[in-house]
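Working notes, beginning with the structure itself.
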Amino acid sequence: MARILITSALPYINGIKHLGNLVGSQLPSDVYARFNRALGNEVMYICATDEHGTPAELAATKAGKPVDEFCAEMHEVQANLAHGFRLSFDHFGRSSSKHNHRLTQHLAGKLNEAGLIAELSEKQVYSNADGRYLPDRYIEGICPACGYDGARGDQCENCTKQLEPTDLLEPRSAISGSTDLEVRETKHLYLRQSQLRDRLQDWIDSKTDWPILTTSIAKKWLNDGDGLRDRGITRDLDWGIPVQKGDQPWPGMEGKVFYVWFDAPIEYIGATAEWAEAHGYEDSAWERWWRTDKGADDVRYVQFMGKDNVPFHTLSFPSTMMGSNEPWKLVDYIKSFNYLNYDGGQFSTSKGRGVFMNEALDILPSDYWRWWLLSHVPESSDSEFTWDSFQQGVNKDLADVLGNFVSRITKFCRSKFGEEIPAGGEYGPAEQAVITEIGKRLAAYEQHMQDIEIRKAAAELRAIWAAGNEYLQAAAPWSLFKTDPDAAAAIVRFALNLIPLYAVLSEPFIPDASDTMLNAMNAQGTVWPKDVTAALETLQAGHAFSVPDVMFAKISDDARDEMQARFAGRG
RNA sequence: GGGCCUGUAGCUCAGUUGGUUAGAGCAGAGCGCUCAUAACGCUUUUGUCGCAGGUUCGAGUCCUGCCGGGCCUACCA
């Protein structure tokens with residue numbers, strides 16, 4: 001039995017995420033986790049809210065709440081939505097947890113001992129009105145190159161020129177609009193990633209099976225210009241993890257916190273520690289997933305994330321792990337995703353454009369979203385959500401192919417034989433042919449899941465569903481019943497046995513429908529098939545079942561048009 | 001500017017190390033079935049594989065250039 005550690009990129013705390021965020025890491029990682037559990041592997045599946053940083057502070061201010069309270073509330077909101085989408089995290093943690101505080105401070109201390117931390121003094125813009133230092137992008141002004149009023153301190157949106165905040169004419173705070181800004185000298189810690197460049201390079205080079213999207217981004221950063229640059233890991237903020245060397249103070253760093261990108265990936269470990277504590281386990285329970293000296297050698301660690309997260313997971317976080325000189329488990333495989341666009345453009349929080357997780361669940365059950373999003377997950381390039389495509393995918397795949405299959409065979413059996421598996425007749429060549437076909441497709445399905453090729457897996461699953469309709473159509477028990485009821489009974493028995501098989505195979509994608517099928521067939525506890533022949537003899541004659549309600553209601557054209565108009569956004 | 005990804009049927013996408021008549025699903029057309037959510041099955045139409053060159057006995061697949069779409073470019077997270 002293999003041990004699989006799975007982490008999903010952490011959703012940021014400042015608001016409800018849209019479908020693009022959902023499909024870019026949480027949903028595919030959930031499919032992979034469910035699949036591995038179904039195979040009988042031991043799985044630790046971790047996610048958390050990423051709670052630190054300036055945007056969290058600003059969002060809290062806007063909401064009129066203390067930042068810790070705001071984060072606690074938003075964490076609950078996100079946890080409920082995760083549950084609504086049936087994301088099966090073993091633990092959904094918080095990067096502000098005491099475990100993450102302790103681990104982050106510990107690792108910083110170890111990095112310092114290893115000589116990998118540098119203290120640098122730098123100039124930073126301070127806003128007197130806001131009472132805070134401003135990140136470059138929170139300073140606005142007139143672009144010196146093109147005269148555009150509204151250029152940000154890192155880059156002008158209008159002419160795309162890279163800027164320094166001090167380049168801006170008439171600079172002002174993007175938060176308050178105040179022009180009462182001054183440049184202050186402030187000291188920060190830098191992680192000397194450049195010292196680890198060769199080790200990182202060797203490590204990345206050894207990952208020949210990683211997606212190109214993943215390795216190309218890592219290599220670019222390793223080789224760009226003078227090579228991998230050192231990175232600031234502290235900030236002048238109130239909300240965050242106080243800068244300490246382990247449990248000791250860090251002279252000169254009083255009042256500063258670690259940069260959110262330093263502590264966020266450490267929360268993968270922190271959340272596992274939170275999981276252990278929540279279950280009343282000893283530290284060894286989480287350490288056996290993360291410390292190769294404490295049992296994690298046989299763990300396979302797979303990370304899921306959007307492409308924007310790749311540099312931090314291929315370089316920064318591994319720098320932290322390697323540089324600590326402690327035996328932390330490094331990632332074995334990184335699955336990265338492109339973006340999902342919305343109906344001809346991008347999802348936009350500010351413009352209210354696109355569908356957000358809470359809205360999606362208000363409209364339709366999670367399985368509908370899971371199926372469409374996963375079967376269109378942006379693996380090879382950006383993909384696009386359109387209502388037309390969504391309607392088509394749900395109606396055709398879920399309602400017509402799978403839902404109607406379950407409906408037609410259970411209703412036929414009920415009307416001719418009653419609500420139990422009929423006796424009589426036996427399986428013949430037609431059934432054997434179906435077994436052979438499903439066996440082949442199942443092998444392909446499992447391989448695609450192992451390879452984390454989600455779209456291909458979805459297509460294979462759909463073909464397995466379709467095989468049921470093909471079989472029924474060819475076998476035509478409704479005709480045979482008139483002349484040879486026993487032969488018809490064998491066909492019905494075989495077709496009904498497909499339902500629990502479909503339920504188990506479909507569970508990673510559509511867990512609720514899977515439950516519905518198992519409950520209807522009174523076959524709870526059915527496990528992943530090792531052998532298709534045996535799996536299709538599970539339900540014996542006399543086994544009682546019930547006809548489920550319509551599993552997937554179709555989306556009408558009117559409903560589709562209405563939703564399209566509703567989510568088109570403002571401008 | 002630099003780096004990377006991407007451009008294959010009306011739509012969404014597969015196409016392994018270059019090898020015979022380029023595939024799937026959806027949509028369209030025809031036929032069949034009538035158990036079922038007007039559902040299902042079978043058959044079938046459509047492609048100068050972004051453009052232009054090149055390498056090769058042979059290129060969707062490799063090389064060069066160009067055009068289109070996208071992402072990243074280190075202080076958004």
Side-chain angles (χ1 to χ4, degrees), chain A residues 9-14 21 50-56 122 124-125 133-139 152-155 160-162 164-165 188 193 211-213 215-221 223-225 228-232 235 259-261 264 306-312 315-316 338-339 341 346 375-376 378-384 386 388-389 392-393 395-416 453 455-456 458-460 462-463 466 468-479 481 488 491-492 495 547 549-554:
Chain A
L10 309 186
Y12 197 65
I13 194 70
N14 65 345
N21 299 125
D50 176 15
E51 304 194 356
H52 298 134
T54 307
E122 58 188 35
Q124 187 75 43
V125 174
Y133 283 92
L134 297 177
D136 292 356
R137 64 184 278 112
Y138 285 104
I139 303 159
R152 295 190 322 213
D154 53 347
Q155 186 177 40
T160 74
K161 185 178 168 56
Q162 306 273 339
E164 291 296 319
H188 281 295
Q193 298 182 134
I212 294 170
L213 183 63
T215 51
S216 65
I217 293 172
K219 287 177 181 172
K220 166 72 161 80
W221 281 49
N223 299 311
D224 192 37
L228 188 60
R229 289 181 236 166
D230 296 340
R231 193 173 183 99
R235 290 291 183 271
Y259 179 35
V260 57
W261 257 114
K307 56 186 168 184
D308 52 331
N309 271 258
V310 168
F312 303 99
L315 304 168
S316 305
N338 288 285
Y339 291 146
N341 290 318
Q346 296 188 329
S375 57
H376 293 79
E379 282 176 320
S380 56
S381 64
D382 292 353
S383 63
E384 177 159 317
T386 65
D388 208 43
S389 172
Q392 194 175 81
N395 288 359
K396 195 71 201 173
D397 300 347
L398 294 182
D400 292 348
V401 176
L402 177 61
N404 182 55
F405 172 77
V406 172
S407 181
R408 68 192 293 202
I409 188 59
T410 52
K411 285 180 180 171
F412 179 75
C413 183
R414 179 173 64 185
S415 72
K416 301 297 190 239
E453 295 272 7
R455 275 187 187 226
K456 289 180 184 173
E460 207 60 52
R462 186 191 187 281
N469 283 316
E470 290 164 23
Y471 166 73
L472 269 190
Q473 201 64 36
W478 46 88
S479 303
F481 180 76
I491 293 165
V492 170
V547 175
D549 293 335
V550 167
M551 288 170 56
F552 305 100
K554 291 202 190 190

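Quick caveat, the model's predicted, so the values are computed rather than measured. Proteins get letters first, then strands, A, B, ... in listed order; numbering begins at 1 in each. All values below come from the heavy atoms of this structure, side chains included, with hydrogens, waters and symmetry mates left out.
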Quick one: does [X] reach the base of [N] with a side-chain donor-acceptor pair under 3.5 Å?
X	N	value
A:Trp221	B:A74	no
A:Glu384	B:C11	no
A:Gln124	B:C75	yes

Look at the side chain of [X] and the backbone N and O of [Y], then say whether any donor-acceptor pair between them is shorter than 3.5 Å.
X	Y	value
A:Asp154	A:Arg137	no
A:Tyr12	A:His52	yes
A:Asp50	A:Pro11	no
A:Glu379	A:Arg455	yes

Assign [X] to base, sugar-phosphate, or nothing according to its heavy-atom contacts below 4.0 angstrom with the strands shown.
X	answer
A:Lys220	base
A:Ser389	nothing
A:Thr410	nothing
A:Val260	sugar-phosphate
A:Phe481	nothing
A:Asn404	base
A:Lys554	base
A:Asn14	nothing
A:Glu122	base
A:Thr386	nothing

Side-chain N or O of A:Arg408 versus OP1/OP2 of B:U37: is the shortest distance under 4.0 Å?
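No, no such contact exists.
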
Reckon A:Lys307 has a side-chain N or O less than 4.0 Å from the OP1 or OP2 of B:G3?
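Negative; the distance criterion is not met.
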
Heavy atoms from C-beta onward define the side chain here; which of [options] lies closest to that of [X]?
X	options	result
A:His376	B:U12, B:G25, B:C33	B:U12
A:Lys456	B:A14, B:U34, B:U37	B:A14
A:Thr54	B:A36, B:C42, B:A77	B:A77
A:Tyr339	B:C71, B:C75, B:A36	B:C71
A:Asn469	B:U37, B:C4, B:G41	B:G41
A:Ser216	B:C4, B:G2, B:C35	B:C4
A:Phe552	B:A14, B:A77, B:U37	B:U37
A:Pro55	B:G15, B:A77, B:G2	B:A77

When you compare the side chain of A:Arg462 with that of A:Leu398, does any pair of heavy atoms fall below 4.5 Å?
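Counting from C-beta outward, A:Leu398 and A:Arg462 never come under 4.5 Å.
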
Does B:C35 have A:Trp478 stacked on its base, where the ring centres are within less than 5.5 Å and the planes differ by under 30°?
yes

When both hydrogen-bonding distances must be under 3.5 Å and the geometry is Watson-Crick or G-U wobble, what is B:C62 paired with, if anything?
B:G54

